[in-house]
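This report concerns only the one structure given below.
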Amino acid sequence: MQGRLIYLMGPSGSGKDSLLQAARAPLEAHGCRFARRVITRSAESVGEDAVGVTPAEFERLEGEGAFALSWRANGLAYGIPVEIDAWLDSGQDVLINGSRGHLEAARQRYPQLLAILLRVDESVLRQRLLARGRETPEQIEQRLARSRSFAAGGQGSVAASGQPLCVLDNSGPLPQTVSRLLQLLDEARQCA
Ligand SMILES: Nc1ncnc2c1ncn2[C@@H]1O[C@H](COP(=O)(O)OP(=O)(O)OP(=O)(O)O)[C@@H](O)[C@H]1O
Ligand SMILES: O=P(O)(O)OC[C@H]1O[C@H](OP(=O)(O)O)[C@H](O)[C@@H]1O
C-alpha cells in the first residue's frame, strides 16, 4: 500500500518547524519519514535543519531532477528531495514542510496528499517572528504581508473548493498542538 504525503503548511512563524521537531519522535515510531529540505538559505539559520545550497547549486539540482517538489518564495528556493517517492512507494508516510503557494502543484503530483494548514492569531504571528530573530524587520513584514494575501484568498486559496484541508491551531502551547496533530494523523490513518 502506498504511503501518504502529509503536507504541513502555514504562515511563516506559525510553528511548522517547531511542530515537526516536537512531533518527530512519536511519528517516526509510527514509521513516518521526514524530508530534509534543500533551501538557498544558510544551513546555520535557526529553526530548521535544512541543506543550505547556493542558487546556482539549487538550479543544477532542480535541473537534474533531484526534487520531487520545488518552489520559490520569500526570495528563496525550496526543494523536497525526490527520495520521498521511494519512501512513499515502500508504504511509508512522509511529512514535509510545504508551501501554501505550491499546494495545487503538490496535489497534481500527489493527489492523495493530506493537507494540514497551521494557523495562529495574527498578533501572535508577528511576536513569534520577531522573537525568533531569523529574518530582518523588513523580511518579517514581507512574510506577514504574504500571509495576509493568502488569508484574503490571494495567490490561490489553499481552501480550494472540494479539496480536503485540515486546519490546526498553534496559538496555544506547542505540546497541545503536537497532541492534536498526532490525533489528526491517527484519524486520517483509520479512514485511509
Ligand atoms: N505553540 C508555540 N508557542 C510558543 N512559541 C512557539 C510555538 N510554536 C512555535 N513557536 C515559536 O515561534 C517561532 C516560529 O516557529 P517556527 O520557526 O517553527 O515557525 P515556522 O512556521 O516553521 O516558520 P517558517 O515557515 O518561517 O520557518 C519560533 O521561535 C518558535 O520557537
Ligand atoms: O507562504 P507559503 O507559500 O505558505 O510558504 C513559503 C515558504 O515559506 C516557508 O518557508 P520558511 O519560512 O522560509 O522556512 C514555507 O515552508 C515555504 O517554504
Side-chain angles (χ1 to χ4, degrees), residues 5-27 32 34-37 39-50 52 69 71-78 80 95-107 113-188:
L5 182 67
I6 304 160
Y7 189 94
L8 179 66
M9 58 188 159
S12 184
S14 56
K16 298 182 295 300
D17 290 313
S18 300
L19 181 59
L20 291 177
Q21 287 167 23
R24 186 167 188 136
L27 287 176
C32 185
F34 285 65
R36 189 179 182 202
R37 300 199 300 179
I39 305 176
T40 54
R41 174 168 62 202
S42 165
E44 282 66 53
S45 297
V46 297
E48 178 176 359
D49 175 28
L69 297 170
W71 60 89
R72 272 76 176 167
N74 310 314
L76 300 167
Y78 304 82
I80 303 295
L95 187 49
I96 69 167
N97 182 341
S99 153
R100 293 162 297 178
H102 199 69
L103 174 60
E104 287 322 303
R107 287 192 194 276
L113 69 77
L114 177 63
I116 300 175
L117 179 64
L118 202 58
R119 69 161 307 279
V120 294
D121 301 334
E122 163 90 14
S123 58
V124 174
L125 204 54
R126 181 186 300 275
Q127 288 313 312
R128 289 194 183 162
L129 286 169
L130 291 168
R132 180 176 66 186
R134 183 177 73 194
E135 285 79 24
T136 65
E138 294 75 20
Q139 289 170 335
I140 288 174
E141 290 310 317
Q142 287 165 0
R143 284 170 178 243
L144 290 169
R146 181 178 171 92
S147 285
R148 283 194 292 272
S149 168
F150 277 111
Q155 299 186 48
S157 166
V158 296
S161 60
Q163 294 291 352
L165 175 70
C166 303
V167 179
L168 191 55
D169 191 289
N170 187 36
S171 302
L174 187 59
Q176 281 182 10
T177 313
V178 172
S179 300
R180 180 65 189 117
L181 174 65
L182 297 177
Q183 179 188 8
L184 189 157
L185 294 179
D186 275 345
E187 291 163 2

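For clarity, every value in this text was computed on a predicted model and none was experimentally measured.
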Nearest atoms (heavy-atom pairs only) where L125 meets P11: CD2-CB, 3.6 Å

Side chain to side chain, C166 and L114, heavy atoms closer than 4.5 Å: yes

Spacing of CG belonging to L181 relative to CD1 belonging to I116, to within rounding of 0.5 Å: 5.0 Å

Side chain to side chain donor-acceptor pair (under 3.5 Å) partners for T40, two or more places apart: none

Selection residues 8-22 - residue pairs positive for salt bridge (Lys or Arg N to Asp or Glu O under 4.0 Å), sequence neighbours left out: none

Results of side-chain contact (heavy atoms from CB on, under 4.5 Å) for T136 - residues two or more places apart only: E138, Q139

Results of side-chain contact (heavy atoms from CB on, under 4.5 Å) for Q176 - residues two or more places apart only: P173

Non-neighbouring partners of R72 that pass salt bridge (charged side-chain N to carboxylate O under 4.0 Å, His left out), sequence neighbours left out: E59, E62

Partners passing ring-ring contact (aromatic ring centres under 6.0 Å, His included) against Y78 (at least two apart in sequence or in another chain): W71

Reported CG-to-CD1 distance for the pair L5 and I80, which is rounded to 0.5 angstrom: 8.5 Å

Set of side-chain contact (heavy atoms from CB on, under 4.5 Å) partners for Q127, sequence neighbours left out: L130

Counterpart residues, side chain to side chain donor-acceptor pair (under 3.5 Å), relative to Q142 (two or more places apart): none

L103 side chain near L113 side chain, heavy-atom distance below 4.5 Å: yes

Option from R143, R146, R128 for which salt bridge (charged side-chain N to carboxylate O under 4.0 Å, His left out) with E135 holds: R143

Residue pair Y7 / G98: nearest heavy atoms and the distance that separates them: CZ-CA, 3.9 Å

Interatomic distance, L8 atom CG to L19 atom CG [nearest 0.5 angstrom]: 6.0 Å

Counterpart residues, side-chain contact (heavy atoms from CB on, under 4.5 Å), relative to A22 (two or more places apart): L174, V178

Partner residues of S147 under the side chain to side chain donor-acceptor pair (under 3.5 Å) criterion, sequence neighbours left out: R100

Contacts of D169 that satisfy side chain to side chain donor-acceptor pair (under 3.5 Å) - sequence neighbours left out: R119, S171

Euclidean distance, D121 CG relative to S14 OG, rounded to 0.5 Å: 12.0 Å

4.5 Å side-chain heavy-atom contact, I96 and L69: yes

L117 versus G10, closest heavy-atom pair with distance: CD1-CA, 3.8 Å

Any donor-acceptor N or O pair under 3.5 Å, side chains R180, Q183: yes

pair E122-R148: side-chain heavy atoms closer than 4.5 Å: yes

S12 vs R132 side-chain heavy atoms within contact, under 4.5 Å: yes

N170 versus T177, side-chain donor and acceptor atoms under 3.5 Å: yes

side-chain contact (heavy atoms from CB on, under 4.5 Å) evaluation trace for L168 with L118: CA-CA 5 Å; L168 191 55; L118 202 58; 3.9 Å; yes

